[in-house]
Amino acid sequence: MSIRGKAFIAGAFEHPLREIPDRSTHQVVAEVALGALADAGLSLSDVDGYFCDASLGFGPLSMVDYLGIHPTHVDSTETGGSSYVVHVGHAAEAIAAGSCSVALVAMAGRPRSTAMRRPTVDEPTPDAVFESLWGMSGAVNGYALAATRHMHEFGTTSAQLAEVKVAASLHAQHNPNAFLPKPVTVEEVLDSPMISSPLHRQDCCVVTDGGGAVVVVSPEVARQLGRTSVKVLGHGETVKHADNGRIDLTYTGAVVSGPRAFEEAGVTPADIDYASIYDSFTITVIETIEDLGFCAKGEGGRFVSDGALVAPDGRLPFNTDGGGLCNNHPSNRGGMTKIIEAVRQLRGEAHEAVQVPDCTIALAHGTGGSIGTRMGSATLILGTADA
Amino acid sequence: MSAPLPVPTPAVSAEAEEFWAATAEGRLLLRRCDDCGTVIWYPRAHCPACGSQRTSWTQASGKGTVYTFTVVHRSMLEGFRDALPYVIAYVELEEGPRVLTNVVDCDPASVEVGMPVSVVFHDTGTGRALFRFRPA
């Protein structure tokens, strides 16, 4: 069953704040959920499908109760930062199957205001036992391991990685809500403190509170709404892992999720007008654009070094909101903001300085977990109503 | 001068009990499939290559090369914070698996991809030792 044209994103909302010390996370989820519904011209009572991650208490149970909705379809697939890209794909499948017609996908978190809480487990997973002993201090170390290997095999340089941050910062200057709105140069990235070689501080995404939500609806509901909807064209997802100790750090799960999404959508990388590429770290973008087929494996560093990612005129305008590197990475999970900016581009509602002219087909790619061990990858291809 | 790397005590699952017991004797064990011969990492009771549940322990040579590494300059972890800078690496063992570990007993700036290394054991004081690697 293909989801092509079976579902539309009718509403999208990104929380305007980047530091939220004075509200509960549940409250922030409700704010973005209501924001996305209002954007679509829908209300909570219209919602019959709910999609969330597993970070807020028994998957959907606590939030469905808090919101006061009565869904006939729920899904709390947890793949870290890629979860929400997965959810939009699953929402489209659920709508195509007839099990709901107004699907709310919502997320929020406040890592900037609270110490990042991980679910406590009585028994460590067998993999964690062998990975938690070596001083891995946050996600950066795993991505640094990938960057070192990518540099070794393909000659990628720190200056090329920095170009990714530079492009994101050029976009962020136009976003009044961006956490880091100031443009930076390659030299400034290279001069920022080394965190975990070869990654500098400015190779890393921001840590922000906040959240976002989208509403996915059936074609029948979309037709009744006054708002421009964005058509779901295709979706792919996978988990890439350590592969019995034969881990290869030079590629991501996008090698699986990308081709599946392109095939379902009936388009190729050359058809993509705008791409939201998960940018937890600069190396994440380099490997992902290679794996999605925007350039050959190993060529990512060279591909980005002539402004290819800079909107509106680059070959692959990306992350025009400033991305996770400069704008927002709520709950340490960037998949939702990737979808929201793709929706803005397809509606022609991105900032005029970075709006891609005649943007008709866009891609949003999510990455979750760690590129250094095991990761979720999800690719979503969206289009205008006539795409 | 930074402090030596801390030696945290690993949690031990039933599948890896013999693995950790052997580390206290200075031996690095690998699980191997009795049916297809695949060397398994991290240790588990079944073979992820062929699905067989007939697997057994074999002793590794303790030799390998650095597949990739990072020199950590900022850390939030107690103990490790005082040992900066330190090296986290994937070491590719002679037997095939790439294992996450630390490279020790050398200047972090001297570590390179492809560098030959051999295993050393750091005693946790709890009947288990951590397998780390030093330049061979």
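In what follows, chains carry the letters A, B, and so on, assigned in the order in which the sequence lines appear, proteins first and then strands, with residues in each chain numbered from 1. Hydrogens, waters and symmetry mates are skipped; everything else that's a heavy atom, side chains included, is used. Keep in mind that what you see is a predicted model, and the values were worked out from it rather than measured.
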Student: Can you tell me which of B:Leu5, B:Val113, B:Leu93, B:Val87 forms the most heavy-atom pairs within a distance under 4.5 Å of chain A?
Tutor: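 Answer, by heavy-atom pair count under 4.5 Å with chain A: B:Val113.
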Student: Please name the pair of heavy atoms, one in A:Asn244 and one in B:Ile40, separated by the smallest distance, quoted to 0.1 Å.
Tutor: OD1-CA, 3.3 Å
Student: Measuring heavy-atom distances to chain A, does B:Arg98 have an atom under 4.5 Å in its side chain, in its backbone, in both, or in neither?
Tutor: both
Student: When heavy-atom pairs shorter than 4.5 Å are enumerated against chain B, which of A:Thr148, A:Leu145, A:Val140 gives the highest number?
Tutor: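 Highest number of heavy-atom pairs under 4.5 Å: A:Leu145.
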Student: At a heavy-atom separation under 4.5 Å, does B:Ala16 approach chain A through its side chain, its backbone, both, or neither?
Tutor: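 Contact with chain A is through the side chain of B:Ala16 alone.
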Student: Distance-only, no hydrogens or angles: does the A:Ser137 side chain make a donor-acceptor pair with backbone N or O of B:Met76 under 3.5 Å?
Tutor: yes
Student: Please walk me through it: do B:Tyr42 and A:Val129 pass side-chain contact (heavy atoms from CB on, under 4.5 Å)?
Tutor: CA-CA 9 Å; B:Tyr42 46 88; A:Val129 171; over 6 Å; no
Student: Could you look at B:Pro10 and say if it's the side chain, the backbone, both or neither that has a heavy atom under 4.5 Å from chain A?
Tutor: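 Backbone plus side chain of B:Pro10, per the 4.5 Å heavy-atom cut-off to chain A.
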Student: For A:Met136, is it the side chain, the backbone, both, or neither that has a heavy atom closer than 4.5 Å to a heavy atom of chain B?
Tutor: both
Student: Are more than 12 heavy atoms from other residues, nucleotides or ligands located less than 6.0 Å from atom CD of B:Glu94?
Tutor: yes
Student: Count the heavy atoms belonging to other residues, nucleotides or ligands that lie under 6.0 Å from CD of B:Glu25, then report whether that count exceeds 12.
Tutor: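 Above 12, so yes.
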Student: For the NZ atom on A:Lys297, are there more than 12 heavy atoms of other groups (residues, nucleotides or ligands in this structure) within a distance under 6.0 Å?
Tutor: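 Yes, enclosed.
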Student: Under 4.5 Å heavy-atom distance to chain A, tell me which part of B:Phe69 shows up: side chain, backbone, both or neither.
Tutor: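 Contact with chain A involves both backbone and side-chain atoms of B:Phe69.
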Student: I need the minimum non-hydrogen distance between A:Ser196 and B:Thr70, along with the two atoms involved.
Tutor: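 For A:Ser196 versus B:Thr70, the nearest heavy atoms are OG-OG1, 2.6 Å.
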Student: First locate atom CZ of B:Phe131, then atom CG of A:Leu133, and finally report the distance between them rounded to the nearest 0.5 Å.
Tutor: 7.0 Å
Student: Quick one: of B:Val72, B:Thr101, B:Leu130, who has the most non-hydrogen atom pairs under 4.5 Å with chain A?
Tutor: B:Thr101
Student: So how far is it from A:Asn141 CG to B:Tyr86 OH, rounded to the nearest 0.5 Å?
Tutor: 6.0 Å
Student: Looking at chain B, which one of A:Ile195, A:Thr373, A:Asp243 has the largest number of heavy-atom pairs inside 4.5 Å, strictly under?
Tutor: A:Ile195
Student: Any non-hydrogen side-chain atom of B:Arg44 less than 4.5 Å from a side-chain atom of A:Pro126?
Tutor: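 Side chain of B:Arg44 against side chain of A:Pro126, heavy atoms only: no contact under 4.5 Å found.
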Student: Chain B: which of A:His152, A:Arg201, A:Met151, A:Arg149 shares the most heavy-atom pairs with it under 4.5 Å?
Tutor: A:Arg149
Student: Given heavy-atom pairs under 4.5 angstrom as the criterion, report whether the side chain, backbone, both or neither of B:Val71 touches chain A.
Tutor: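 Both the backbone and the side chain of B:Val71 come within 4.5 Å of chain A.
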Student: Taking all heavy atoms of A:Met194 and all of B:His73, pick out the closest pair and write down the distance.
Tutor: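 Heavy atoms only, the tightest pair is O-CB, 3.2 Å.
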Student: If you take all heavy atoms of A:Trp134 and B:Ile88, which pair is closest and at what distance?
Tutor: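 Residues A:Trp134 and B:Ile88, closest heavy atoms: O-CG1, 3.3 Å.
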Student: Quick one: closest heavy-atom pair of A:Leu249 and B:Tyr67, and the distance?
Tutor: N-OH, 3.0 Å
Student: Look at the aromatic rings of B:Phe19 and A:Phe130 and report parallel, tilted or perpendicular, splitting at 30° and 60°.
Tutor: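 Rings of B:Phe19 and A:Phe130: perpendicular, over 60°.
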Student: How close do B:Glu95 and A:Arg246 get, heavy atom to heavy atom, and via which atoms?
Tutor: O-NH2, 4.4 Å
Student: Please classify the contact between B:Val7 and chain A as side chain, backbone, both or neither, with a heavy-atom cut-off of under 4.5 Å.
Tutor: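 For B:Val7, neither part sits under 4.5 Å from chain A.
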Student: Name the region of B:Ala89, side chain, backbone, both or neither, that has any atom closer than 4.5 Å to a heavy atom of chain A.
Tutor: backbone
